[in-house]
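Reviewing the structure listed below.
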Amino acid sequence: TAIKADLAALENSSPIVNGSDTLFAFINVTTTYLFKVMDTNDTFTVSIQGTPPPVDQYLFTGSEGLYSFTWTPTSHQTVSLQFLATDSRGAPTLLHPLVRLCGCRLDLNATCVDVDGDGGANKFLIQDCMCASGYGGTYCSMDVDGCIDLDCFPGVNCTDKPAPLTGATCGDCPIGTVASNESCIDVNECNNNATNTCEQNCVNTLGSFTCSCNSGFTLNKDGKSCDDVNECDESLPCHQICNNTLGSFDCSCYFGFKLEFDGVTCRPTSGCMTLICEHLCAIGQTGQEACFCNQGYALNLNNQNCSDVDECFTGNHNCQQNCINTEGSFSCSCLTGYALNADRTTCDDMNECFSLHNPCPYATQICFNTVGSFKCDCPANTYLINGTCRSQ
């Protein structure tokens with residue numbers, strides 16, 4: 001009996017399975033795969049092996065040797081479809097088709113492109129995508145940002161054209177520029193008398209312009225006109241007498257002195273024989289020897305020595321805020337919260353909110369400039385709670 005059973009097993013043949021060697025599937029599209037199983041000498045059963053999709057994504061049915069596998073993929077998860085046909089004596093036949101899954105957005109007119117390969121042990125391949133106009137990304141699900149390739153003028157908004165359109169558009173050109181081939185060209189206001197309102201020098205900038213002044217002048221608060229700088233009041237540049245001129249100054253000397261080639265220093269025209277002076281000695285208008293002091297000094301009662309003149313005390317200065325006396329001269333400074341202007345005498349309020357990196361003690365506070373100082377506060381409808389601006 002055992003020998004007969006062995007002979008029967010040797011004579012038995014496994015079921016015949018006929019089906020395509022490739023299953024093409026698409027994300028969110030229902031695909032049906034058909035195959036046939038035959039065994040003329042025995043009964044058989046068919047089961048799904050390998051790594052099938054989740055049970056809620058497919059339906060497997062069959063009767064009279066015709067089998068149907070209906071699948072609706074919802075992701076790019078790897079699957080391995082193996083259909084095993086086994087007769088009553090345990091003889092198996094395995095059908096393991098190559099799964100080519102297309103993950104492209106077909107609803108956006110993307111096209112799947114075959115890739116080479118056998119899919120490895122799972123026999124599973126994900127197809128490449130050829131995107132329609134205006135779309136991109138691995139599976140053509142992204143709108144290509146046309147602003148990436150469009151160089152709009154600085155400060156001008158770029159608006160992407162929604163797919164399937166391609167490209168982008170730039171917003172209106174800012175004041176001080178004109179449109180030219182999807183970009184903006186800076187207008188040189190300095191070359192146009194109608195826009196150049198500078199009294200002296202015009203400096204073109206991107207989209208605008210600024211004014212500057214010649215040496216010996218300082219820019220007025222209107223940002224356009226220039227005021228003469230009185231160098232004689234600023235730093236006492238001359239050895240003896242300073243005469244302010246428009247945009248400059250001249251030096252001159254007391255009687256008995258003459259101006260040196262440097263235009264600043266005074267030298268006696270004749271030396272003194274008997275009088276000893278601390279600074280300078282010359283023959284005065286009376287023909288007598290006399291002592292003189294340098295600029296910023298005054299002759300003492302002994303008519304020989306010189307003492308520093310405290311311009312800050314006498315009021316002989318033009319500092320707007322603080323005056324600092326120095327030996328033979330003076331300098332100006334400003335109160336806290338103010339900055340000294342280029343004329344070295346006047347002071348303007350310092351906008352701490354712009355000149356400092358967030359001077360507020362808490363990062364969420366907003367800085368508000370005040371005259372000579374600043375204050376920090378929370379945005380509207382928020383309150384400082386444990387170091388953070390929050391709504392109650």
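We're numbering straight along the sequence, starting at 1.
Under the 3.5 Å distance criterion, the side-chain polar atoms of Lys36 are left unmatched by any main-chain donor or acceptor of Tyr67. No side-chain donor-acceptor contact under 3.5 Å links Glu278 to the backbone of Gln304. Side chain of Asn122 to backbone of Phe124: no donor-acceptor contact under 3.5 angstrom is found. Using a distance-only test at 3.5 Å, with no hydrogens or angles considered, a donor-acceptor pair links the side chain of Asp160 to the main chain of Gly146. A donor-acceptor pair is defined here as one N or O able to donate and one able to accept, closer than 3.5 Å; no such pair exists between the side chain of Asn300 and the backbone of Asn302. Here the side chain of Thr93 pairs a donor or acceptor atom with the backbone of Pro15 at under 3.5 angstrom. Remark: side-chain polar atoms of Ser248 are not paired, donor with acceptor, to backbone N or O of Thr245 under 3.5 angstrom. In this structure, Arg100 contributes its side chain and Val115 its backbone to a donor-acceptor pair below 3.5 Å. Gln295 places no side-chain N or O within donor-acceptor distance of the main-chain N or O of His239, the cut-off being under 3.5 Å. Distance alone, capped at 3.5 Å, places no donor-acceptor pair between the Asn341 side chain and the Arg344 backbone.
Trp71 and Phe69 have tilted rings, their planes meeting at an angle from 30° to 60° on a 0 to 90° scale.
Checked against the 2.5 Å cut-off, the SG-SG distance between Cys131 and Cys140 falls under it. Cys213-Cys226 SG separation is under 2.5 Å; the pair is scored as a disulfide. Between Cys147 and Cys158, the SG-SG separation falls below 2.5 Å. Cys pair Cys306/Cys293: SG-SG separation is below 2.5 Å. The SG atoms of Cys232 and Cys238 do not sit under 2.5 Å apart. Between Cys251 and Cys266 the SG-SG gap reaches or exceeds 2.5 angstrom.
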Contacts under 3.5 angstrom, residues 308-316 side chains, donor-acceptor by atom type, not counting sequence neighbours:
residue : atom : partner : partner atom : Å
Asp308  : OD1  : Gly328  : N            : 2.7
Asp308  : OD2  : Asn325  : ND2          : 2.9
Asp310  : OD1  : Cys312  : N            : 3.1
Asp310  : OD1  : Phe313  : N            : 3.2
Thr314  : OG1  : Asp310  : O            : 3.3
Thr314  : OG1  : Glu311  : O            : 3.4
Thr314  : OG1  : Asn316  : N            : 3.4

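Asn214 and Asn201 form a side-chain donor-acceptor contact under 3.5 Å, judged by distance and modelled atom types alone. For the residue pair Thr345 and His317, no side-chain donor N or O sits within less than 3.5 Å of a side-chain acceptor on the partner. In this model, a donor atom of one side chain and an acceptor atom of the other lie less than 3.5 Å apart for Asn369 and Asp349. Side chain to side chain, Gln57 and Thr74 meet the donor-acceptor criterion of an N or O pair below 3.5 Å. A donor-acceptor contact under 3.5 angstrom links the side chains of Asp228 and Asn244, judged on distance only. The closest side-chain donor-acceptor pair between Asn196 and Asn193, if any, does not fall under 3.5 angstrom. For Gln82 and Ser80, the side-chain atoms include at least one donor-acceptor pair closer than 3.5 Å.
Between Glu189 and Asn204 the shortest side-chain heavy-atom distance falls below 4.5 Å. Between Asp21 and Pro97, the closest side-chain pair of non-hydrogen atoms is not below 4.5 Å. Counting heavy atoms from C-beta outward, Phe44 and Asp42 have side chains that stay 4.5 Å or more apart. Side-chain contact between Lys123 and Val99 is absent, with no heavy atoms from C-beta onward closer than 4.5 Å. You'll find the side chain of Tyr254 reaches within 4.5 Å of the side chain of Ile241, heavy atoms only. You'll find the side chain of Tyr338 reaches within 4.5 Å of the side chain of Gln321, heavy atoms only.
For Asp227, the CG atom sits in a packed shell: over 12 heavy atoms of surrounding residues, nucleotides or ligands are nearer than 6.0 Å. Atom CD of Gln49 is surrounded by more than 12 heavy atoms from other residues, nucleotides or ligands within 6.0 Å.
No continuous path of hydrophobic side-chain contacts links Phe249 to Phe330 [ILVMFWY only; heavy atoms under 4.5 Å]. Hydrophobic clustering of Ile, Leu, Val, Met, Phe, Trp and Tyr side chains at less than 4.5 Å, counting indirect connections, unites Ile185 with Val187. No chain of hydrophobic side-chain contacts below 4.5 Å, direct or via other Ile, Leu, Val, Met, Phe, Trp or Tyr residues, connects Phe257 to Leu299. Note on Ile48 and Val55: same hydrophobic cluster, where clusters join Ile, Leu, Val, Met, Phe, Trp and Tyr whose side-chain heavy atoms are under 4.5 Å apart, directly or indirectly. Under the 4.5 Å side-chain contact rule for hydrophobic residues, Val229 and Leu219 do not share a cluster.
Atom CZ of Phe292 sits about 8.5 Å away from atom SG of Cys277, to the nearest 0.5 Å. Here the CG-CG distance, from Leu335 to Asn322, works out to 5.0 Å after rounding to the nearest 0.5 Å. Atom SG of Cys360 is separated from atom CD of Glu352 by 10.5 Å, given to the nearest 0.5 angstrom. With rounding to the nearest 0.5 angstrom, the CG atom of Asp114 is 9.0 Å from the CG atom of Leu125. Note that CD1 of Ile27 and OG of Ser141 are 11.5 Å apart. Values are rounded to the nearest 0.5 Å. Here Asn188 contributes atom CG and Thr205 contributes atom OG1; the two are 9.5 Å apart, rounded to the nearest 0.5 Å.
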Going through the checks in order, is the disulfide (SG to SG under 2.5 Å) test met by Cys323 and Cys332? CA-CA 5 Å; Cys323 177; Cys332 301; 5.9 Å; no
Where do Cys211 and Cys198 land on the disulfide (SG to SG under 2.5 Å) test, with the steps shown first? CA-CA 5 Å; Cys211 299; Cys198 299; 1.9 Å; yes
Show, in sequence, the C-alpha distance, side-chain angles and deciding distance for Cys334 and Cys347, and conclude whether the disulfide (SG to SG under 2.5 Å) test is met. CA-CA 6 Å; Cys334 300; Cys347 300; 2.0 Å; yes
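Shown here for His76 and Leu101, the closest heavy-atom pair between the two residues is CA-CD2, 4.0 Å. Here the closest heavy-atom approach between residue Leu98 and residue Gly117 is recorded as CD2-O, 4.3 Å. What you find for Ala194 and Asn192 is that their closest heavy atoms are N-OD1, 2.8 Å. Contact detail for Gln200 and Ser212: the closest heavy-atom pair is CB-O, 3.8 Å. Contact record, Ser14 with Asp87: CA-OD2, 4.4 Å, taken as the closest heavy-atom pair.
Aromatic ring centres of Phe368 and Phe374: separated by at least 6.0 Å. In this structure, Tyr297 has its ring center under 6.0 Å from that of His279.
In this structure Tyr33 satisfies the ring-ring contact (aromatic ring centres under 6.0 Å, His included) test together with Phe83, sequence neighbours excluded.
Among residue pairs with one or both ends in residues 28-110, those qualifying as disulfide (SG to SG under 2.5 Å) are Cys102-Cys112, Cys104-Cys129; sequence neighbours excluded.
Exactly one residue among Asp56, Thr31, Thr30 makes a side-chain hydrogen bond (donor to acceptor under 3.5 Å, both in side chains) with Thr72. That residue is Thr30.
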